[in-house]
Structure formats: C-alpha cells, structure tokens
S.K.: 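For reference, the structure I am asking about is given below.
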Amino acid sequence: SHEQERAKERIAAELDRSRRRSNGLTLDALDEEDLLAQHSPLMSPLVWDLAHVGNYEEQWLLRAAGGREALRPDIDGLYDAFENPRADRVSLPLLRPEEAREYNERVRREVLDALDAADLSAVPAPRREPGAASGGATPGERSLLDSGFVFHMVIQHEHMHDETMLATHQLRRGAPVLLEEEPAFARPAPPAAAEVLVPAGPFTMGTDDDPWSYDNERPGHTVGLDAYWIDTDPVTNAAYLEFVADGGYLDPRWWTADGWRWRERRGALAPAFWSEEDGVWARRRFGRRERVPLHEPVQHVCFHEAQAYARWAGKRLPTEAEWEKAARFDPATGRSLRFPWGDGEPERRHANLGQRRLGPDPVGSRPDGASPLGVRQLVGDVWEWTSTTFDGYPGFTAFPYREYSEVFFEDGYKVLRGGSWATHPTAVRSTFRNWDHPVRRQIFSGFRCARDADRG
Ligand code: AVJ
Ligand code: FE
C-alpha cells in the first residue's frame, strides 16, 4: 500500500542517517589506533560500538525478522554486551575498523533488500530470537514486523550507541575532532516563574500503541498523583555553583548514605570534567577547555549529586511519574501527549536533539518546546535524573528480548528521562525511559527539582 511505501522510505532514510552518524563518530573522525584504543575503562573502544551496531542489525533484521543465516557466526560472541563487560572489550580480537566497515556495509545491503520485501502490516510471530529471549508472540501480542517495530528498534539502537560513543569522545584525551553544526538556537526568553504547579489527579503514563515504543514504555496505565511543584527549567550551572560554593560537597547532611560513600571514595568536589583555578570554574568539553557557562543546564552529574543538590535546595528529585506528567499532561483535554509540545515530530524550534550542538542550550531556549503546563526543556539538552528505580510497569511483558530492559529491573538503576542534546529525535519521546547506575556521570545527565504542594 501507499502507506507502507511511505513507512519504508522513512525507515530507509533513518537507517542511512544513523549509519552516517556512526561513521562520523568513528571511521570519518579518528585513525585506526584511536578507534581501537580504550579511552576509559567505563567505555568500549569505539570500533566495538561500530561493529556491535552492525551485528545487532544483522541479528534482528536479517536473522530474527528475515529468517536468514548468520553472515559471520564467528563474531556474535565478541559483540555480545553481556558476555563482554566494557572494560574487557579492548582485549578482544575485534574486527579492525576497515573490516567493521565492510561487515556493516554488507549487512546493510541485505537489510535494504529485506526491507523492500517486508510486509510491515503483517503480524507473523517472531521466528528466532537472539540471546535468551522471551517466548514467541502469542495472538494479539506485538510481532517483530508489526508497524515496522523491529526496524525502529534497530534505528534507535544505533543512535543510542552513537550517544554512548559521544560519551567516549568526551572522555578521550587529545585534539578536538568533532564540530558543532549549530550555535545556540536563539536568545533565551526572559525568566518565567521558577516553578510550575502540577494539579492533583490522574494521567496516562506509558503507551500501548506508539510504533517506536520499547517494551518498558508499555502498557499505558493510569497514575494518580498529588499536586506538586516542578522546576520550570533544568538546574543551571549558576545554581549548581551556589551549592558547590556553599560547601555542598563537604556536608554529609545533603547526601544519602550511598551518595556520601560515593562522594568520599571519588573525592568529588564538582561535576565531572570541571576544574577550578583561582576561584574560576572551567570545564573540558570534547578536547576544549572553557569557562563553565552559567545559564546552561548542569551536565555530567550523577544521581547522588542531583539528589544532594535537591536536598540542599529544600526540594527533591521528581519521581518518574511526576516527570512524565509534567511532560505530557494537557489539562485542557486530560490527554497525555507524545511530546511536551504536542504529538508532532520534534523540530528545531522545539528541542535541542540529535547532536547538532555538542552541549545543552541555555535555559529558556526554544520556548516552543514547552509542555502545556509551561515546563521547559524537558526533551533534549540533558537527561534528567528521577528518584525512581527502574522497573516494569504493571502488566509489563518483555518484548522482543529480556535483555533490553527486564534484566535491569529492581537492580538499583535510576530512571533518566527526556533525552539530551546527543539523543536522536527517533530515540526519545515523553514515554521513553533510560536508566543507569546512580554513580554514572560520563553520560549527558542533569536534573530538575520538585517538591510537594501544600495541601488544602
Ligand atoms: C537504554 C541506553 C540503557 O546503552 O545500555 C544498547 C541501550 N541496549 N544496546 C544502553 C542499549 C542494548 C541501553 N540504554
Ligand atoms: Fe547495544
């Protein structure tokens, strides 16, 4: 049908876009030695991510959905993220950069053939599932090809690894290699009220039918919340500096027991990549040193730092549900929107996404992206820590494999929401859930605060 042809054109264009982005972060940017190097034990060598996205694409699009035989059964183990912790990947017999390029290109040629032939409206049960997967689809359940699901999953997967590769670039020492495509978008709007009151009542959290949604965004369900205040903007570097200057890193009152243990062990005194000289704070960003810009959202803080700041400020982190209601709830209709600005795809005027910039915009930028309640910069700029431990929604079913999200449930991972400047528009929406260890801060993470509203 005409609709399917349009869907396939979009998929082919997005596949191409994600691959150009991956190559831009690897083959086009760095020499072989740099691609094979371990820039941090927290991260994979960049050449691992590069071949991993090709291998994932082969496993899901050619084998699981297409029923084809493995092109390189010998390499599956190397690129299995569970078999090989990040710190060990540098010592594996990885494909060299040029071999990775050839492998990825070969997979992609076959994928485009398979896409041509695919019936995205059909609902066949998944044929085979890589890894220890959940059982096959039962009638009424999602299938791999339904509405293009498995293609969307592969596109988002590659963009997630591109964001991970950007974190590796940020940790890498050496001359800058990445260019900023765009300057800050526009002059920030004059300051609005610092907080927004979200009225008490139910809203729909998650989704049943978003064709890009992952299993952990499902099912849609009603959540009732008391009224609360949430910050209009993410916490800025200027505000965070007050916490630093007030001795916040030296006062255990603001930290949880785990947080204080982390702070002491690390000797942390400021966000990652910051350094102070003669009372002036600077930061390292993609190989450049610069003054910390006061009006940008703070970046590279871990959950513990966000939590400590919030307590110091007399507030708390929002729960995941509070974040999502602030981002989706339209009081005029009672509906939950796909994005803060509505159901339409992200445009530049809405959000700082997709690595067009190499950092967040100043707060107040892109006011067209505000939510109906007037909360700003929820999507893009920085991932926002919430107080919620990652878990499945009521009625959760793993699909199409347990290792995407289920194996991480109830393991102390904290939920992050909203995507960052490094997140591609296809890989985030107001239902999207990210998670990480509460000590991680090489990711592009910031936060905003919330507090209970007075009753009565
Ligand atoms: C959803 C970002 C937590 O990068 O660890 C990548 C995504 N899953 N490959 C991650 C993922 C498989 C995942 N996050
Ligand atoms: Fe992966």
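FYI, the numbering just counts along the sequence from 1. Both ligands and their constituent atoms are indexed starting at 1 by order of listing.
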S.K.: Could you grab the angle centred on the Fe ion (ligand 2), going from NE2 in H52 to NE2 in H161, to 10°?
M.R.: 90°
S.K.: List ligand 1 atoms under 4.0 Å from Y404, heavy atoms only on the residue side.
M.R.: 1 (C), 8 (N)
S.K.: For atom 4 (O) of ligand 1, what's the nearest protein heavy-atom neighbour? Residue, atom name and distance, please.
M.R.: T164 OG1, 4.3 Å
S.K.: Working note: S430 + R338, criterion side chain to side chain contact (heavy atoms under 4.5 Å, CB included); need CA distance, chi angles, decisive distance, verdict.
M.R.: CA-CA 6 Å; S430 294; R338 187 167 193 253; over 6 Å; no
S.K.: Heavy-atom contacts with M160 under 4.0 Å: which atoms of ligand 1 show up? List them by number with element.
M.R.: 1 (C), 7 (C)
S.K.: Would you call the rings of H152 and W212 parallel, tilted or perpendicular, where under 30° means parallel and over 60° means perpendicular?
M.R.: parallel
S.K.: Identify, by atom number and element, the atoms of ligand 1 in contact range of N434, meaning under 4.0 Å from any of its heavy atoms.
M.R.: 1 (C), 2 (C), 3 (C), 14 (N)
S.K.: Any non-hydrogen protein atom below 4.0 Å of atom 10 (C) of ligand 1?
M.R.: no
S.K.: Looking at the Fe ion (ligand 2), which N/O/S atom of H157 is the nearest one?
M.R.: NE2
S.K.: Would you mind finding which of E158, R433, H52, H161 brings a heavy atom closest to atom 6 (C) of ligand 1?
M.R.: H161
S.K.: Any idea which protein heavy atom is nearest atom 5 (O) of ligand 1, and the distance to it?
M.R.: R86 NH2, 4.7 Å
S.K.: Apply the side chain to side chain contact (heavy atoms under 4.5 Å, CB included) test between Q377 and each candidate in S365, P362, S371; give the one that qualifies.
M.R.: S365
S.K.: Suppose I only count heavy atoms of H157 and a 4.0 Å limit; which atoms of ligand 1 are within that range?
M.R.: 6 (C), 9 (N), 12 (C)
S.K.: Under 6.0 Å between ring centres: does that hold for F399 and F149?
M.R.: yes
S.K.: If the plane angle is over 60° it's perpendicular, under 30° parallel, otherwise tilted; pick one for W421 and F286.
M.R.: perpendicular
S.K.: So, is the end of the R311 side chain (NZ or CZ) under 6.0 Å from the ring centre of W254 and within 45° of the ring's axis?
M.R.: no
S.K.: Going by side chain to side chain donor-acceptor pair (under 3.5 Å), R21 matches just one of E158, H159, H161. Which one?
M.R.: H159
